[in-house]
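Below: one structure, written as structure tokens.
We're numbering straight along the sequence, starting at 1.
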Amino acid sequence: MTRTALRLGTRASLLATTQSQLVADAITAATGVPVELVRITSEGDVLTGSLAQMGGTGVFATALRDALLRGECDLLVHSMKDLPTAPFAGIVVGAVPVRAPQRDVLCARDGLTLATLPPGARVGTGSPRRVAQLRARRPDLDVRDIRGNVDSRLRKVTDGELDAVVLAEAGLRRIGRDAAITEILDWPTSAAQGALAVEVRAEDAEGEIGRAVRAVNDADTQLCAELERAVLRSLEAGCAAPVAIDAVRVGDEVTLVADVHAPDGARSVRAERRVAMADAGSDDARAAVAADVVAELLAGGAADFADLPGTAR
């Protein structure tokens with residue numbers, strides 16, 4: 001294999017570059033091929049306002065994908081939960097490395113937990129899913145929409161603007177901010193949360209670049225993350241929909257849980273499945289499982305209280 005350095009495209013935030021460097025180092029350790037980071041500014045890094053209003057998860061991926069197709073880099077690293085579920089022409093996921101913890105966490109003043117926050121406490125999140133889950137557990141809270149990187153969100157607590165924020169455990173641990181965690185929350189999270197996706201040009205997938213990238217793939221993580229995304233794809237639900245999906249391997253099976261919440265948290269419906277690993281190993285098999293899960297969610301009335309554009313029947 002060539003020892004010419006690969007160029008890895010990444011967003012320029014601390015979390016994105018940290019995640020990308022982890023992948024770069026893993027590729028080099030596995031193959032001996034050096035990898036250098038190429039920082040790319042996405043529309044989501046420049047614009048302000050609600051993520052859902054800006055166009056959802058794809059707002060962070062588009063600039064990176066365009067740079068990859070122009071040949072400005074050889075591979076990309078994304079938080080997999082930020083990737084739209086629809087295929088992107090000319091680009092494929094070449095690897096999904098070992099998943100970090102997939103839970104949400106509370107970062108609150110004075111070591112408070114969700115149960116011990118006082119009535120009316122101000123809690124920040126930019127996720128409609130987390131808003132619904134917070135309101136379902138604590139309808140008395142003052143839940144506020146926030147944007148910004150991890151450190152700017154944590155500062156809203158330390159500066160007294162908010163009493164707490166809800167963030168992803170994976171991101172906090174990756175950048176060494178886990179001391180801010182006051183509680184690990186037990187609810188399901190976003191599809192593929194905690195997983196990273198390494199993308200390459202489709203034309204490079206079977207060549208030297210693709211082989212280097214596949215060296216860091218983790219089959220269990222890939223299967224579980226893709227199963228979660230298959231459910232999201234079947235629902236045609238993006239980041240604006242309060243949908244939570246978790247798939248966790250237990251022995252030779254995957255336990256899959258999918259929740260659809262009303263935006264105000266007042267209603268929800270859940271579907272659960274246990275699937276043999278061997279029965280979820282292909283795209284077609286995962287699509288069949290996802291269709292079964294979505295059918296159960298719809299039978300439970302999910303489309304009556306959630307905006308699920310793909311579920312009109």
Test applied, salt bridge (charged side-chain N to carboxylate O under 4.0 Å, His left out); reference residue, Glu228; option that passes from Arg99, Arg273, Arg233: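 Among the candidates, only Arg99 passes.
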Closest heavy-atom contact between [X] and [Y]?
X	Y	value
Phe305	Pro263	O-CD, 3.4 Å
Ala170	Pro101	CB-O, 3.3 Å
Arg249	Cys224	N-SG, 4.0 Å
Ala108	Leu117	CB-CD2, 4.3 Å
Pro128	Pro242	O-CB, 3.8 Å
Pro84	Arg229	O-NH2, 3.1 Å

Is [X] reaching over with its side chain to a backbone N or O of [Y], donor-acceptor style, under 3.5 angstrom?
X	Y	answer
Thr28	Asp25	no
Thr158	Arg155	yes
Arg138	Leu114	yes
Arg174	Ala16	no
Ser234	Ala230	no
Asn217	Val96	yes

Between [Y] and [X], do the side chains contain a donor N or O and an acceptor N or O under 3.5 Å apart?
X	Y	value
Ser190	Arg129	yes
Gln222	Asp218	no
Gln133	Asp259	no
Glu272	Thr255	no
Thr113	Thr116	yes
Thr189	Asp246	yes

So, [X] and [Y], do they make that salt bridge, N to O below 4.0 Å?
X	Y	answer
Asp151	Arg153	no
Arg122	Glu161	no
Glu72	Arg7	no
Arg137	Asp186	yes
Arg135	Asp140	no

Pairwise distance [atom1]([X]) to [atom2]([Y]) - rounded to 0.5 angstrom:
X	Y	atom1	atom2	answer
Thr125	Asp104	OG1	CG	7.5 Å
Ile181	Leu167	CD1	CG	8.5 Å
Leu134	Trp187	CG	CH2	4.0 Å
Leu76	Ile40	CG	CD1	6.5 Å
Leu106	Leu112	CG	CG	8.0 Å
Leu227	Ile245	CG	CD1	9.0 Å

Side chain proximity check, [X] to [Y], heavy atoms < 4.5 angstrom:
X	Y	value
Val92	Val200	yes
Leu223	Met277	yes
Gln102	Lys81	no
His78	Glu199	yes
Thr10	Val38	no
Asn149	Leu15	no
Leu297	Val260	yes

Neighbour count >12 (heavy atoms, 6.0 Å) for atom CG, Asp252: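 Open.
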Side-chain heavy atoms nearer than 4.5 Å, only ILVMFWY residues, links allowed to pass through others: does that put [X] and [Y] together?
X	Y	value
Val231	Val257	no
Val105	Leu154	yes
Met80	Val23	no
Val131	Val165	no
Leu8	Leu14	no

Audit row: Leu162, Arg144, side chain to side chain contact (heavy atoms under 4.5 Å, CB included) steps and yes/no: CA-CA 9 Å; Leu162 297 172; Arg144 302 189 180 186; 4.0 Å; yes
Test side chain to side chain contact (heavy atoms under 4.5 Å, CB included) applied to Arg65 and Leu83, step by step: CA-CA 11 Å; Arg65 286 169 156 177; Leu83 283 184; 3.6 Å; yes
Pair Val254-Arg274, side chain to side chain contact (heavy atoms under 4.5 Å, CB included): steps then yes or no: CA-CA 6 Å; Val254 175; Arg274 294 183 67 181; over 6 Å; no
Worked check of side chain to side chain contact (heavy atoms under 4.5 Å, CB included) between Val166 and Val123: CA-CA 7 Å; Val166 178; Val123 181; 4.1 Å; yes
